[in-house]
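Take a look at the structure set out below.
When a ligand or atom number is given, it counts from 1 through the structure's own listing order. For clarity, every value in this text was computed on a predicted model and none was experimentally measured. All residue numbers refer to positions in the sequence shown, counting from 1.
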Amino acid sequence: MPDPQGFLRYERKLPTRRPVPVRIQDWREVYPSASDELIREQATRCMDCGVPFCHHGCPLGNRIPDWNDLVRTGQWRYAIEQLHATNNFPEFTGRLCPAPCEAACVLAINGGSAVTIKQVEVEIINRAFDLGYVTPQPAPESSGRSVAVVGSGPAGLAAAQQLARAGHAVTVYERDDELGGLMRYGIPDFKLEKRHIDRRLAQLRAERVEFVTSCAVGVDVPVAVLRARHDAILLAAGALVGRDIPEAPGRHLAGVHLAMEHLVPANRVVAGKQSATPIDHRAGSPGEAPGAGMVTAAGKHVIIIGGGDTAADCLGVAHRQGAASITQLDLYPLPPYERDEARDPWPTWPWILHEYPAHEEGGERVFAVAVQEFVGQDRVRAIRIAEVSVVKQDGRRLVTVIPGSERELPADLVLLAIGFDGTEEGPLLDQLGLARNPRGGMDCGKDWQTAVPGVFVAGDMHRGASLIVWAIAEGRAAAAAMHTYLGGAGSLPTPVDPAAVPLRA
Ligand SMILES: Cc1cc2nc3c(=O)[nH]c(=O)nc-3n(C[C@H](O)[C@H](O)[C@H](O)COP(=O)(O)OP(=O)(O)OC[C@H]3O[C@@H](n4cnc5c(N)ncnc54)[C@H](O)[C@@H]3O)c2cc1C
Ligand code: SF4
């Protein structure tokens, strides 16, 4: 029986992050592993509520109270079985998920301290790997059916694993030279060391998933070939079109980049995949081969525009590259430190100030400002900003500049981390005869099937830029629908349907 008073005996506590002066000298993860004692105490704080709202807060429906109790009693093998029952890759979510489950934890009511669910999750999978509990589970027999998965992010990999274990022959086609989607070259190592992806890929390979890298479907292999080779196709090609502000005066200046033009080369350098030679031009400018060098922050005054994960990752990378100064600009006002119950009642996701570990490492945050102009001759030398007020009207965002509030900030490098505009147009969709919806995503029916029979969609490509936990949930659900389409025996788990949304008031 869980300990109903555990939360009275133990305070919420996370392992201490590595010291800032040490960690910004390298690219390794910021959190060390927790001791057994700490993590068992933290799991003891779980009350095993009659209605576990945390479980509903997680798109995967993770069985959180069950594995908390197994950790409390030190039963690591059973804990990983429970965790794997709903989540193919807890080593990714346990490191990277923003943890809507914790916002929905009963202990978080009235500003209380939630169970450290995400930390318990990562400690279970860390120990499971160390203790040899993560082994391949190849299908006992083949279904004789074959599936192509386009894209190897968390959605594609989750679907591939589910389908392979159900006996289907799965081939994953990936445009990049390495597998993992945004987790590989988008998300820096200080959040996710790539050995975690490689370790999981070894399991998928042993489960007979085949991988074809450096292969853009629609370019290197026509869609018609995939249609002939496979009985069904899953599109999991992400939402990789970076949002831009082409109309902003001075956007053309050298030194103004989309965030991914900074992050991808930086991560490739860490992976030993490209040289660290800096480029001093905008990516894509004449004479500059893509990936030929990196957009470095070294010695520069860096401005990051945006307030989400991508912006925080640019911040952490810029610290490690040795920026002279870093300022992060946000259009919205400074959020409150605590949940506003009138606006976002528990157990929904609250609008509060999210401090990422990168913020602890330095840099200044400026809220409620908008870019007016990138200033310079050929290269950017400053950015002109103005204070603004933002209101939502009829679902639209109205931004009003406060007169007389304009000022300039010095800038040698400006990074636009203002979101993504959906999945890419081009040969893949053209050859399928599919078009993006007005939000840039791909529509599908209740069975995850697009307008083309036998072609399914999941993850960011369907939902728009979102989270790893949603990508895994959609990958699992789309795999279940494909299994049924292929005439597979029984059914696979379906954590979400295509219309699912986060918990709302
Ligand atoms: C910088 C950054 C930081 C992030 N941090 C977090 C975080 O901390 N926590 C979190 O939960 N989420 C985070 N996210 C979001 C998260 O990474 C995505 O929601 C998730 O990766 C989406 O998974 P996916 O499988 O749908 O697509 P992706 O991971 O985008 O993978 C799609 C794959 O498809 C491939 N592809 C595209 N077209 C083709 C083609 N024609 N042929 C073959 N392959 C193709 C791409 O190369 C890519 O590898 C972050 C995103 C970014 C950009
Ligand atoms: S996947 Fe995310 S939401 Fe689900 S239990 Fe883990 S941290 Fe919580």
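Ile305 places a side-chain heavy atom less than 4.5 Å from the side chain of Val414.
Between His56 and Phe53, the ring-plane angle classifies as perpendicular under the 30° and 60° cut-offs. Taking the six-membered ring where the residue is Trp, Tyr173 and His230 present perpendicular rings, their angle passing 60° and hence far from 30°.
Annotation: cation-pi geometry not satisfied between Arg95 and Tyr31 (NZ/CZ under 6.0 angstrom from ring centroid, within 45° of ring axis). Cation-pi geometry between Arg268 and Tyr185 is satisfied (NZ or CZ under 6.0 Å from the ring centre, within 45° of the ring normal).
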Enumerate, one pair per line, all nitrogen or oxygen atoms of ligand 1 lying under 3.5 Å from a protein nitrogen or oxygen, stating the separation to 0.1 Å; write 'none' if no such pair exists.
from	atom 1	to	atom 2	distance (Å)
ligand 1	5 (N)	Lys191	NZ	3.2
ligand 1	8 (O)	Leu96	O	3.4
ligand 1	8 (O)	Lys191	NZ	2.9
ligand 1	9 (N)	Leu96	O	2.8
ligand 1	11 (O)	Ile468	N	2.9
ligand 1	19 (O)	Asp460	OD1	3.1
ligand 1	19 (O)	Asp460	OD2	3.1
ligand 1	19 (O)	Ser466	O	3.1
ligand 1	19 (O)	Leu467	N	3.4
ligand 1	25 (O)	Pro154	N	3.3
ligand 1	25 (O)	Ala155	N	3.0
ligand 1	26 (O)	Asp460	N	2.8
ligand 1	29 (O)	Leu182	N	3.0
ligand 1	41 (N)	Val217	O	3.1
ligand 1	42 (N)	Val217	N	2.9
ligand 1	44 (N)	Arg175	N	3.1
ligand 1	47 (O)	Glu174	OE2	2.6
ligand 1	49 (O)	Glu174	OE1	2.7
ligand 1	49 (O)	Glu174	OE2	3.0

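Glu121 and Thr93 form a side-chain donor-acceptor contact under 3.5 Å, judged by distance and modelled atom types alone.
Summarising the local packing, CD of Glu210 is surrounded by 12 or fewer heavy atoms from other residues, nucleotides or ligands at distances under 6.0 Å.
Between His319 and Trp27, the ring centre distance reaches or exceeds 6.0 Å.
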>> One pair to check against side-chain contact (heavy atoms from CB on, under 4.5 Å): Ile64 and Cys101. What are the steps and the verdict?
In response: CA-CA 9 Å; Ile64 297 159; Cys101 53; 3.7 Å; yes
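For atom 2 (Fe) of ligand 2, the nearby protein N/O/S atoms, meaning those under 2.8 Å, are Cys97 SG.
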